[in-house]
Amino acid sequence: MGIEQQVGFDVERVRREFPILETKVRGTKRLVYLDNAATTQRPKRVIDTLKEFYEKYNSNVHRGAHWLSDLATKMYEDARKTVKEFLNAHSHREIVFVRGTTEGINLIATSFSRGLLKEGDEIIVTEMEHHSNIVPWQLVAQQTGAVLKVIPINDKGELILYELENLITDRTKLISIVHVSNSLGTINPVKEIISLAHQKGIPVVVDGAQAVAHISVDVQDLDCDFYVFSGHKIYGPTGIGVVYGKEEWLEKMPPYQGGGDMIKEVTFEKTTYNELPYKFEAGTPNIAGAIGLAEALKWFKQFDINEVHSHENELVQYATELLKEIDGVRIIGEADNKTAVVSFIADGVHPHDIGTGLDMEGVAIRTGHHCTQPIMCHFGIMATARASFAIYNTREEVEIFVDALKKVLKFFRR
Ligand code: PLP
């Protein structure tokens, strides 16, 4: 099945497709799920697809000499085509299935470092990266002697872009940036950064973990060299994600892991590698996950992304407005261009207490450093409380959340 026609956006109709939204927290409180940046919920269609795969089609892919394996292979490869269409990639050869964004960035960093990075080379990231887009580069820097440089942010949580021009030198080999920050919600001007980088012949990796479910992503329009995302943050299963890589780069890069499926021929003297994208998919992949992800993408593509974006933006703005009315509450991350996330702190009450208190009211948010400790360091804090929105959230839920927060703050400040 191809990607579907877009339909009008009706939040109540959307909600009915998510069985988990009916859940009562501890059997009593209505679930208000505002932890979507950590993981989204799945529509019934995706859950059914997984069940159906295991009930009817389960088999290993690519090597089978039987009907069931052919069927599973076709479904798996069709899933790749759906991802290709979703990202508007040039070819299915540019779509590699991985476990998620973390594994995807590790794949790129490790593979790129083998042959394309040497001592003194420079990699640029930003101060607002998730640890998944910092630590893999630190690991390869340690191994190769390359150096990590950082684009700073301002106090609104936006990149200080003019610094990038100062950071780029003739030793810059790669830039890796987050599209949308998971702690701040900032939407970065990645197209502009890519264009600047390409003028100097530098490839750009984009961490799209928090972007794909909220803003339009077209890898050919962005002209990024790599784009990475996780299925579970866009209404798909866990354990599946995608690396998009331009063919020219994936051809140049050696395999990430060795094993079955990624080879053409193996002898003890020499192994030759499979063609793209299989060169990067060693071992039995997450077949059901890929098929479930494709279903999630088809489901999501029914909606006009601009309508989804404005719906979520309205929720962000409404929540921000109401939070600012509460004494001693400070928003962390006030970029002009942001989406889906509201991070905040409150005088005299630790974010963890806020999280626990809200949970007692049925409201699920996330507290902590959100795997972005450099951001916390920038703002001189240890943690924030973060409400993050998805397609199925409502204004009423924002009100329940803010009323519950008022109760929690009153309790802890008494
Ligand atoms: N990058 C960003 C911006 C994220 O928000 C996350 C997860 O929260 C990741 C990377 C890592 O994603 P995963 O845990 O699915 O690998």
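Both counts, for ligands and for their atoms, begin at 1 and track the order of listing.
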S.K.: Are W249 and F280, when compared by the centres of their aromatic rings, separated by less than 6.0 Å?
M.R.: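 Between F280 and W249, which both carry aromatic rings, the centre distance is not below 6.0 Å.
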S.K.: Does any donor atom in the side chain of D155 or H378 lie under 3.5 Å from an acceptor atom in the other side chain?
M.R.: yes
S.K.: Would you check if there is a donor-acceptor pair between the side chains of T372 and H370 at a distance under 3.5 Å?
M.R.: no
S.K.: What atoms of ligand 1 come within less than 4.0 Å of a heavy atom belonging to S230?
M.R.: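 That gives atoms 12 (O), 13 (P), 15 (O), 16 (O) of ligand 1.
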S.K.: Kindly compute the distance separating CD1 (I124) from OG1 (T172), expressed to the nearest 0.5 Å.
M.R.: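 Between I124 CD1 and T172 OG1, I get 4.0 Å after rounding to 0.5 Å.
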S.K.: Is it the case that Y256 and N106 place a side-chain donor and acceptor less than 3.5 Å from each other?
M.R.: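 The answer is no; no qualifying pair exists.
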S.K.: Which atoms of ligand 1 have any heavy atom of V178 under 4.0 Å away?
M.R.: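 That gives atoms 3 (C) of ligand 1.
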S.K.: Check each heavy atom of E129 against ligand 1 and say whether those closer than 4.0 Å belong to the side chain, the backbone, both or neither.
M.R.: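 None of E129 does.
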S.K.: Is the closest heavy-atom distance from N133 to ligand 1 below 4.0 Å?
M.R.: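 N133: no contact with ligand 1 (<4.0 Å).
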S.K.: What about S132: any of its N or O atoms under 3.5 Å from an N or O on ligand 1?
M.R.: no
S.K.: Would you mind checking which non-hydrogen protein atom is closest to atom 3 (C) of ligand 1, with the distance to 0.1 Å?
M.R.: D207 OD2, 3.5 Å
S.K.: As an exercise, identify every atom of ligand 1 less than 4.0 angstrom from a heavy atom of T102.
M.R.: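 Ligand 1 atoms under the 4.0 Å threshold to T102: 11 (C), 12 (O), 13 (P), 14 (O), 16 (O).
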S.K.: With ring centroids as reference points, do Y278 and H62 lie under 6.0 angstrom apart?
M.R.: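 Yes: the rings meet the under 6.0 Å criterion.
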S.K.: Got the closest protein heavy atom to atom 5 (O) of ligand 1, with its distance?
M.R.: Q210 NE2, 2.7 Å
S.K.: Using heavy-atom distances, let me know which of M128, H130, H179, E103 sits nearest atom 9 (C) of ligand 1.
M.R.: H130
S.K.: Looking only at the side chains, is there a donor atom on one of Q317 and T320 sitting less than 3.5 Å from an acceptor on the other?
M.R.: no
S.K.: Give the minimum heavy-atom separation between G292 and V46, together with the two atoms involved.
M.R.: O-CG1, 3.8 Å
S.K.: With a cutoff of 4.0 Å, is H370 in contact with ligand 1, counting heavy atoms of the residue only?
M.R.: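 Contact check H370 vs ligand 1: negative.
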S.K.: Counting non-hydrogen protein atoms only, what is the nearest one to atom 8 (O) of ligand 1? Give residue, atom name and distance.
M.R.: K233 NZ, 2.7 Å
